[in-house]
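Every value quoted in this text rests on a predicted model; they were computed, and no experiment measured them.
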Amino acid sequence: MKQIISHFTDDDLYKFTMCCSVIDNFPRARVKYSFTDRDGTVYPDGFADRLAEQVAMLENLVITDEEIDFMKRRCPYIPHWFYNYLRGYRFNREWVAARQDEEGHLHVDIEGSWADTILLEVKVLAIISELYYCMTGQAECFDYTDYYRKSYCKAERLLDVGCRFSDFGTRRRASFMAEDTAVRAMKDCCTGGKWNGKFVGTSNVYLAMKYDLTPVGTMAHEFVSAIGGMYGPQMANHIAMDSWRQTFRGALGTYLYDTFGWDIFSLNFSEDFANLFKGLRVDSGDNREQLRKIVGKYRSLGIDPKTKQVTFSNALNTDKAIEIQQYAREYCQPSFGIGTHFTNDFEGVSPLNIVIKLTAAKITEAWPFYNDTCKLSEDNGKHTGKPEVIARFKAALNREK
């Protein structure tokens, strides 16, 4: 089978920015990740073996001078020492263990240095998704000409009502070609006319380079989750924001606040952080309710919320984004990160509901034990982690739900 991931930067930008900050602030940390298929999909026989082959192929990926030059131009906030690390970086198949149980369910575990394994999550998810459609024969029915048209129409609708939006769809895309087609169509649409909105760019660094777009994204839940495991959830957001400030010196972007819920984040979100970060990202909970909390917090700090960006990325599609745009523009500068709806929306094809979450961390390899961690969603019933760990973290944060 052909190699699915064939470019080093075929990955989300925030994996690189987080990797940089991990090296800067937690260079000896080690972590564990675990794969979850929320729909309990039964994978084809031999799937885990084919996945292991694809992971082994990652070992031949090397970042190119072209990729580094692009990132230096478009991501000036990344310190140049980081590119020396990327030049020497090599994937290692031994970091990943994949197997199938008797029912055909897939199990994937990742363990190693945080700075090394952090670059695996998105790539492994993208491999699993594309490999699944190849092995089930569904990929043979993908009509990319029609997909271009469909993606162009989505962009037209979003641009017409003034939405500023980005592609966040690498991890659960139907294929590399699906994401490539969607990004190309949206750029063509945006540059082909005068619009109220804007196609801002893509989280995929390689496709941003290919189509001369801005790579977008800041951080993922794993950054705060790992810190919560190592130091406790009460001050995890504070430590995360302070670490980000240490690495990126003012170019802090948008903060993803919901790893352990709004309430504890709000207590950590002091005026200095509120002024430093460009805005906040809503990734769970009711969008209107979350926006009200954000607006109230900024106002309590004497900050005009209309000067701040709020990025919505919670399972969005075109209709939801347009609906949010209509009311959010009165309170803030809304923007939208749209994932699976952009990159896995073929007729008759169901996207996989898959995630890889960081489940444990330790401050240094010298420690004989890991500390478990979890993610506490703003959506009831969507917490991720061992039940006993979730209960412990909720108790520590005085959370009932």
Side-chain angles (χ1 to χ4, degrees), residues 11 14-36 52 55-56 58-59 61 63 78-79 81-99 107-124 219-249 256 259-260 264 268 356-376 384-393 395-397:
D11 207 334
Y14 67 27
K15 301 307 295 189
F16 296 109
T17 52
M18 285 193 299
C19 181
C20 183
S21 191
V22 166
I23 296 169
D24 213 18
N25 296 280
F26 312 101
R28 295 178 64 179
R30 292 182 66 84
V31 295
K32 293 181 179 181
Y33 300 84
S34 183
F35 168 81
T36 298
V55 170
L58 294 177
E59 293 179 347
L61 291 185
I63 195 167
I78 296 179
W81 62 258
F82 180 59
Y83 298 110
N84 292 328
Y85 174 79
L86 293 183
R87 285 186 190 279
Y89 181 95
R90 298 295 183 273
F91 290 97
N92 188 333
R93 71 188 75 183
E94 295 183 3
W95 298 335
V96 183
R99 64 180 179 84
H107 302 268
V108 183
D109 295 295
I110 300 172
E111 180 178 357
S113 161
W114 195 11
D116 289 338
T117 56
I118 199 169
L119 296 183
L120 275 167
E121 177 214 357
V122 172
K123 284 182 166 67
V124 170
M219 66 180 65
H221 296 111
E222 74 165 278
F223 194 70
V224 185
S225 185
I227 294 170
M230 292 187 287
Y231 300 103
Q234 294 91 335
M235 293 295 288
N237 282 293
H238 176 88
I239 296 171
M241 288 185 285
D242 203 41
S243 300
W244 211 256
R245 169 167 55 185
Q246 170 70 24
T247 299
F248 296 111
R249 306 286 181 169
L256 178 61
T259 305
F260 298 122
I264 189 61
N268 286 174
I356 292 177
K357 292 296 182 182
L358 192 147
T359 58
K362 57 182 178 179
I363 297 172
T364 168
E365 75 284 350
W367 283 33
F369 61 88
Y370 280 91
N371 292 304
D372 290 332
T373 189
C374 64
K375 176 184 175 293
L376 303 179
T384 304
K386 298 176 183 176
E388 65 272 20
V389 177
I390 291 171
R392 188 168 72 243
F393 274 56
L397 298 173

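- Inter-residue side-chain proximity for I363 and F26 is flagged as unmet; no heavy-atom pair is nearer than 4.5 Å.
- The CE atom of M18 lies 9.0 Å from the CG atom of L119; values are rounded to the nearest 0.5 Å.
- Residue pairs meeting the salt bridge (charged side-chain N to carboxylate O under 4.0 Å, His left out) criterion with at least one partner in residues 358-376, sequence neighbours excluded, are R28-E365, D372-K386.
- The nearest pair of heavy atoms linking R90 to R87 is NH1-O, 3.0 Å.
- The SG atom of C374 lies 12.0 Å from the NE2 atom of H221; values are rounded to the nearest 0.5 Å.
- For W367 and F369, the distance between ring centers is under 6.0 angstrom.
- Pairing each heavy atom of V224 with each of F260, the nearest pair is O-CE1, 3.8 Å.
- Applying the salt bridge (charged side-chain N to carboxylate O under 4.0 Å, His left out) test to residues at least two apart or on different chains, the pairs with a partner in residues 227-246 are D242-R245, R245-D272.
- Interatomic distance, W81 CH2 to I23 CD1, rounded to the nearest 0.5 Å: 4.5 Å.
- Between the side chain of E59 and the main chain of R93, a donor-acceptor pair closer than 3.5 Å is present.
- Here the CG-OH distance, from L86 to Y83, works out to 7.5 Å after rounding to the nearest 0.5 Å.
- T117 is listed as a side-chain neighbour of V31, based on a closest heavy-atom distance under 4.5 Å.
- Environment of CD in E94: sparse, with no more than 12 heavy atoms of neighbouring residues, nucleotides or ligands closer than 6.0 Å.
- Qualifying salt bridge (Lys or Arg N to Asp or Glu O under 4.0 Å) partners for R99, counting only residues two or more places apart in sequence or in other chains: none.
- Considering every non-hydrogen atom in both V22 and A115, the closest pair reads CG1-N, 3.9 Å.
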Mind listing the side-chain donor-acceptor pairs of residues 226-237 below 3.5 Å, one per line with the distance, residues two or more places apart or on another chain?
unit_1: N237; atom_1: OD1; unit_2: Y255; atom_2: OH; d: 2.7

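- Heavy-atom minimum distance, T247 versus S21: OG1-OG, 3.3 Å.
- No side-chain donor from either of T259 and S225 sits under 3.5 Å from a side-chain acceptor of the other.
- Taking CD of E111 as the reference point, atom CG of D116 lies at 12.5 Å (rounded to 0.5 Å).
- The side-chain heavy atoms of I63 and Y89, taken from C-beta on, include no pair separated by under 4.5 Å.
- For E121, the salt bridge (Lys or Arg N to Asp or Glu O under 4.0 Å) partners at least two apart in sequence or on another chain are K15, R171.
- Smallest separation of non-hydrogen atoms from A361 and L358: CB-CD2, 4.5 Å.
- Counting heavy atoms from C-beta on, the side chains of C19 and W114 never come closer than 4.5 Å.
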**Study point:** Chi angles and distances behind the side chain to side chain contact (heavy atoms under 4.5 Å, CB included) call for K357, T36
**Key:** CA-CA 8 Å; K357 292 296 182 182; T36 298; 5.9 Å; no

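- Side chains of F35 and H107 form no contact here, defined as non-hydrogen atoms less than 4.5 Å apart.
- Between F91 and L58, the closest heavy-atom pair is CD1-O, 3.4 Å.
- Judged as a salt bridge (Lys or Arg N to Asp or Glu O under 4.0 Å), and not counting sequence neighbours, D24 has no contacts.
- No hydrogens or angles considered: nothing links the side chains of Y14 and E222 as a donor-acceptor pair under 3.5 Å.
- Here S113 contributes atom OG and N92 contributes atom CG; the two are 11.5 Å apart, rounded to the nearest 0.5 Å.
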Review point. Which is it for L397 and L376 under the side chain to side chain contact (heavy atoms under 4.5 Å, CB included) test, yes or no, and what are the steps along the way?
Key: CA-CA 10 Å; L397 298 173; L376 303 179; 3.9 Å; yes

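- Exactly one residue among V124, V108, I118, L120 makes a side chain to side chain contact (heavy atoms under 4.5 Å, CB included) with Y33. That residue is I118.
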